[in-house]
Trainee: 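Below you'll find the structure I mean.
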Amino acid sequence: MKILVTGGAGFIGSAVIRYLINETEHSVVNVDKLTYAGNLASLGQSAESPRYAFERLDIADADGLNATFERHRPDAVMHLAAESHVDRSIHGPADFIHTNLVGTGVLLEAARRYFEALPAARRAAFRFHHVSTDEVYGDLDGPEGLFTEETPYAPSSPYSASKAGSDHLVRAWHRTYGLPVLVTNCSNNYGPFHFPEKLIPLIILNARAGRPLPVYGDGGQVRDWLYVEDHARALVRVLEAGEVGETYNIGGHNEHRNLEVVERICALLEELAPTHPEGVARYADLITYVTDRPGHDRRYAIDAEKIERELGWRPQESFDSGLRKTVAWYLNNDDWIAGVTSGAYREWTERQYGAPPGSGTP
Ligand code: NAD
Ligand code: TYD
């Protein structure tokens, strides 16, 4: 297949592209606006493959998308482009509405127009895979219960509300226009190339720099962590074998309280980076409780039984093995980290491609 991947310069999109190029025969067209979260350095050698192409584009640009579909004539779309950080969505929801809602709507229309003009055999094989989050289900009260594919939507933040809206659009394009869609809702990812505004990379980098480790509220919120490469494999499995119109929940069976995650990172650093920053006796001494996030969801947990039963997918990493790999990666990839923390990758992007297209407002 030739797969048009949106958001392929992001954390999960780059893992999907590395997997597609390194582990399959598929070709990739990466459509990405290169916002602050998009970093082509995360693609490594896979960007040099003859099976890889890149188009810098805002998914809300209809003309640009129509031209891209015509130029590359893909067999499938994997839609990952999004604004993805809850805290940013609280400070500035407009970009979330622009990309996650308007952008998904424009992409659906471009895909439909292209799909409807395909010859019958290619139309039958075409897929539009929408990549979403478990945050659309809201949060779980207490330690019992799991999100299933039937859990009603109850998003809490501007981020999760915009993703919930995008899921509804995708389902409507299936029901109303017959677009052959697949939807996946996944729990929190972690792993290499994760932008250090999210909990796990932020804690690793702050600890190494001797900065405070901010824990929101009481640190008792629970997330269900999945190693990003397990997610990438699940997504490709769903694309290749999932049933059209179906939703699959993806999760790692790895529920942990935030404070526990922070403490485990500190313990791994004690072992893997025993030389502390000046003035720090133990990494855990840097833990600092800060004001809670408004509307903070208490607990997420995924029931991944359907994808396991129907498609035979299971995570390969445990939280222990995945977290160890992640901490080791951040200790051994100074160039990527320096590029991200200094903003050098942004300067390179602007030199190479100019300022981001579009104003970012709806
Ligand atoms: P990310 O923020 O790391 O990357 C997003 C990518 O999308 C970036 O490369 C960015 O440049 C691009 N992008 C943003 N706006 C765009 C636009 N208007 N047009 C084109 N490209 C644009 O996000 P991520 O963590 O890799 O998440 C990818 C997808 O997976 C998102 O849809 C997210 O909702 C979903 N998801 C994420 C998680 C998680 O834990 N990170 C969990 C479940 C689902
Ligand atoms: P995050 O990585 O932003 O993912 P999400 O909000 O999508 O789950 O945050 C994970 C959890 O960690 C969430 O409960 C908020 C909390 N958190 C902190 O306690 N401190 C921090 O500095 C950050 C970024 C997050």
Side-chain angles (χ1 to χ4, degrees), residues 1-34 38-59 61-82 103-104 106-131 170 179-184 192-193 228-244 248 250 311 313 349 352-353 357:
M1 279 189 281
K2 184 187 272 191
I3 304 170
L4 190 158
V5 177
T6 72
F11 168 49
I12 301 171
S14 65
V16 168
I17 292 180
R18 293 192 306 272
Y19 179 78
L20 286 170
I21 295 295
N22 297 332
E23 310 289 336
T24 78
E25 300 293 312
H26 300 309
S27 309
V28 171
V29 182
N30 178 11
V31 170
D32 198 297
K33 179 177 173 177
L34 300 182
N39 184 353
L40 290 173
S42 304
L43 291 163
Q45 297 286 313
S46 46
E48 276 147 44
S49 164
R51 289 183 285 118
Y52 171 84
F54 175 62
E55 297 281 352
R56 190 184 194 194
L57 201 59
D58 187 329
I59 53 161
D61 171 359
D63 292 342
L65 277 179
N66 288 333
T68 299
F69 272 99
E70 282 315 314
R71 191 171 322 123
H72 293 283
R73 308 209 48 84
D75 302 293
V77 173
M78 295 178 88
H79 175 32
L80 294 99
T104 299
V106 172
L107 177 65
L108 281 166
E109 274 300 80
R112 177 168 80 92
R113 177 188 153 129
Y114 167 76
F115 161 76
E116 285 175 351
L118 283 175
R122 290 199 66 197
R123 206 175 331 129
F126 186 79
R127 296 288 182 271
F128 184 103
H129 179 170
H130 176 60
V131 177
V170 170
L179 190 70
V181 309
L182 300 153
V183 178
T184 49
F193 303 103
V228 65
E229 291 173 10
D230 278 326
H231 188 195
R233 268 194 313 108
L235 293 177
V236 174
R237 179 80 190 127
V238 169
L239 179 72
E240 291 176 342
E243 198 172 319
V244 167
Y248 298 89
I250 306 171
L311 301 180
W313 171 87
T349 298
Q352 185 83 355
Y353 297 105

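Just the heavy atoms: all of them, side chains too, but no hydrogens, waters or symmetry mates, feed the values below.
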Trainee: Evaluate the criterion side chain to side chain donor-acceptor pair (under 3.5 Å) for residue pair Thr184 and His130; output intermediate values, then yes/no.
Mentor: CA-CA 7 Å; Thr184 49; His130 176 60; over 6 Å; no

Trainee: Counting C-beta onward and ignoring hydrogens, is there a side-chain heavy-atom pair between Leu80 and Leu235 closer than 4.5 Å?
Mentor: yes

Trainee: Below 4.5 Å, heavy atoms only, C-beta onward: do Phe126 and Val77 meet side chain to side chain?
Mentor: yes

Trainee: Kindly determine whether Asn66 and Tyr114 satisfy side-chain contact (heavy atoms from CB on, under 4.5 Å), including the steps that lead there.
Mentor: CA-CA 8 Å; Asn66 288 333; Tyr114 167 76; over 6 Å; no

Trainee: If the threshold is 4.0 Å, N to carboxylate O, is there a salt bridge linking Glu23 and Arg18?
Mentor: no

Trainee: Is Arg112 salt-bridged to Glu116, going by a charged N under 4.0 Å from an acidic O?
Mentor: yes

Trainee: Are Asp58 and Lys33 within salt-bridge range, i.e. N to O under 4.0 Å?
Mentor: yes

Trainee: How about CD on Glu48, more than 12 heavy atoms from neighbouring residues, nucleotides or ligands closer than 6.0 Å, or not?
Mentor: yes

Trainee: In the structure I gave you, are the side-chain heavy atoms of His129 and Val238 within less than 4.5 Å of one another anywhere?
Mentor: yes

Trainee: Checking Ser14 side chain against Phe11 main chain: does a donor-acceptor pair fall under 3.5 Å?
Mentor: yes

Trainee: Any side-chain heavy-atom pair from Leu4 and Val31 closer than 4.5 angstrom?
Mentor: yes

Trainee: What I want to find out is whether Arg56 reaches Asp32 closely enough, with some N-O distance under 4.0 Å, to be called a salt bridge.
Mentor: no

Trainee: Any heavy-atom pair between the side chains of Phe128 and Phe115 that's under 4.5 Å?
Mentor: no

Trainee: Above 12 or not: heavy atoms from other molecules or residues under 6.0 Å from CZ of Arg71?
Mentor: yes

Trainee: Find out whether Leu118 and Arg73 are in side-chain contact, i.e. whether some heavy atom of one side chain is under 4.5 Å from a heavy atom of the other.
Mentor: yes

Trainee: Quick one: does any side-chain atom of Arg127 pair with a main-chain N or O of Leu182 as donor and acceptor, under 3.5 Å?
Mentor: no

Trainee: Looking at Ala81 and Thr6, what are the two nearest heavy atoms and their distance?
Mentor: N-OG1, 2.9 Å

